[in-house]
Amino acid sequence: MKICKTVSELESAVSAFKTAGKSIGLVPTMGALHDGHISLFNRARNENDVFVASVFVNPIQFNNKEDFEKYPRDEQADLSVLEKCGCDIVFTPTPEEVYQNQTPETWTFGELEQVMEGKQRPGHFSGVANIVSRLFTWTKADKAYFGEKDYQQILIIKDMVRQMGSSIEIIPCPIYRESDGLAASSRNKRLSQQARAIAPKIHEILTKSYQQKDFLSLSQIKSFVETEFDKLKEFELEYFTLADADTLKVVKVKEPNQKVIGFIAVWLDGVRLIDIQKYF
Ligand code: PAF
């Protein structure tokens with residue numbers, strides 16, 4: 001596995017493969033790698049000639065300084081996971097290398113960024129687009145893999161690809177869940193033992209709401225989820241939004257064949273966790 005710390009190292013490592021006509025699969029990460037990442041790595045490894053990953057905690061996508069500082073980091077552990085997963089090239093730059101001390105670009109995504117994560121975390125998606133667009137350009141990847149826990153991020157990145165006029169294929173991958181249902185996330189590491197034990201309630205409540213989808217209206221599903229979280233004093237529900245799977249517009253009454261997803265953000269033990277539930 002080649003470790004590249006600079007953009008020029010990355011570009012020359014990639015260009016050798018590109019010249020030989022090899023396909024490149026990219027998995028961008030912020031490190032603190034877990035089984036969810038590994039499921040993306042396996043896809044990138046199996047579906048491309050060359051598997052490239054990045055490990056970069058992108059400062060400009062954090063709108064909360066404390067969240068950025070507390071973000072778990074363990075580069076040695078991450079490199080060993082990547083090596084085991086058959087990674088060919090890993091890019092581990094510093095913020096100075098990525099941004100060259102220049103002001104980042106401002107990306108806008110219209111209504112897609114005015115709800116949920118975009119609304120709660122101003123500037124977050126512009127920050128994501130800054131790093132992901134650069135990674136796409138530098139790696140010349142054919143495909144890039146993203147987990148559906150960050151479903152809104154996937155739609156934003158697809159829109160970014162459209163704005164860039166790029167032909168990279170964005171591959172959404174199913175959420176990897178721990179055996180108790182909790183969606184894998186680097187933030188899970190920050191939960192106390194007690195909080196970790198009740199964290200699977202998020203998926204449990206969403207699953208229960210899904211099981212009632214044929215009997216309940218969307219507003220009843222919304223109040224079911226909100227009431228269940230009200231009963232659990234350890235959780236603070238930030239939002240539970242039922243939205244169209246393509247446009248992210250809030251859906252109050254479902255049209256026939258409309259794909260609706262429930263998006264949730266909750267606080268538990270000072271940690272913000274997100275998840276989704278498809279109702280189709
Ligand atoms: O989903 C993430 O981990 C990050 O937002 C990403 C895509 C690696 C960009 O920093």
Side-chain angles (χ1 to χ4, degrees), residues 3-11 26-34 36-37 40-41 52-79 81-82 87 89-109 112-139 141 144-147 149-157 159-161 163-164 168 170 184-191 238 265 267 269-274:
I3 302 171
C4 301
K5 291 201 171 295
T6 65
V7 174
S8 66
E9 280 168 355
L10 173 66
E11 286 183 321
L26 169 71
V27 185
T29 83
M30 297 206 298
L33 302 177
H34 51 67
H37 292 113
L40 306 183
F41 298 159
V52 180
S54 60
V55 174
F56 177 63
V57 186
N58 178 30
I60 67 163
Q61 72 183 73
F62 288 82
N63 54 322
N64 176 327
K65 197 167 171 256
E66 198 188 334
D67 195 22
F68 171 64
E69 277 158 9
K70 282 194 181 163
Y71 202 84
R73 293 162 172 89
D74 188 345
E75 193 173 298
Q76 280 320 308
D78 290 343
L79 293 178
V81 170
L82 283 162
C87 179
I89 301 172
V90 56
F91 183 46
T92 57
T94 59
E96 294 70 33
E97 179 64 18
V98 169
Y99 295 113
Q100 303 287 327
N101 294 320
Q102 283 164 6
T103 310
E105 296 140 28
T106 302
W107 284 83
T108 53
F109 299 99
L112 281 183
E113 67 173 341
Q114 280 152 25
V115 288
M116 302 179 294
E117 293 307 284
K119 187 173 170 200
Q120 301 297 333
R121 306 175 66 188
H124 168 66
F125 286 125
S126 181
V128 169
N130 265 276
I131 179 61
V132 177
S133 60
R134 284 164 164 82
L135 291 171
F136 286 179
T137 305
W138 295 331
T139 61
Y145 297 78
F146 296 90
K149 180 169 68 66
D150 298 295
Y151 188 94
Q152 186 175 11
Q153 171 171 276
I154 295 179
L155 292 192
I156 293 275
I157 289 172
D159 192 53
M160 182 197 82
V161 165
Q163 293 185 40
M164 290 170 79
I168 189 167
I170 303 304
S185 164
S186 307
R187 290 194 162 85
N188 296 349
K189 293 192 175 120
R190 282 170 43 199
L191 295 171
E238 189 174 288
W267 287 90
D269 193 26
V271 180
R272 188 172 183 275
L273 300 171
I274 61 169

Exercise. Side-chain contact test, heavy atoms from C-beta onward, threshold under 4.5 Å: evaluate it for Ile89 versus Cys4 and give yes or no.
Key: yes

Quiz item: How close do Pro104 and Ile60 get, heavy atom to heavy atom, and via which atoms?
Solution: CB-CD1, 3.6 Å

Exercise. Taking all heavy atoms of Phe146 and all of Gln153, pick out the closest pair and write down the distance.
Key: CD2-NE2, 4.0 Å

Quiz item: Within the distance-only criterion (no hydrogens, no angle test), does the side chain of Gln152 pair as donor or acceptor with the backbone N or O of Leu112 below 3.5 angstrom?
Solution: yes

Quiz item: Between Gln163 (side chain) and Phe109 (backbone), is there a donor-acceptor pair under 3.5 Å?
Solution: no

Quiz item: Does a salt bridge link Lys65 with Glu69, judged by any charged N lying under 4.0 Å from a carboxylate O?
Solution: yes

Practice problem: State whether the number of non-hydrogen atoms from other residues, nucleotides or ligands found under 6.0 Å of Gln100 atom CD is greater than 12. | Solution: yes

Quiz item: Would you call the rings of His37 and His34 parallel, tilted or perpendicular if under 30° counts as parallel and over 60° as perpendicular?
Solution: tilted

Quiz prompt | Closest heavy-atom pair and its distance - Ala32, Pro72 | solution = CB-O, 3.5 Å

Quiz item: Hey, are the side chains of Ile156 and Val128 touching, using non-hydrogen atoms and a 4.5 Å cut-off?
Solution: no

Quiz prompt | Listed partners of Asp67 passing salt bridge (Lys or Arg N to Asp or Glu O under 4.0 Å), at least two apart | solution = Arg187, Arg190

Exercise. Give the ring-plane orientation class for Phe56 versus Tyr99, where under 30° counts as parallel, over 60° as perpendicular and anything between as tilted.
Key: tilted

Quiz item: Do you know the tightest heavy-atom contact between Ile274 and Glu117?
Solution: CG2-OE2, 3.8 Å

Quiz item: Looking at Glu105 and Arg134, does any basic side-chain N land under 4.0 Å from a carboxylate oxygen?
Solution: yes

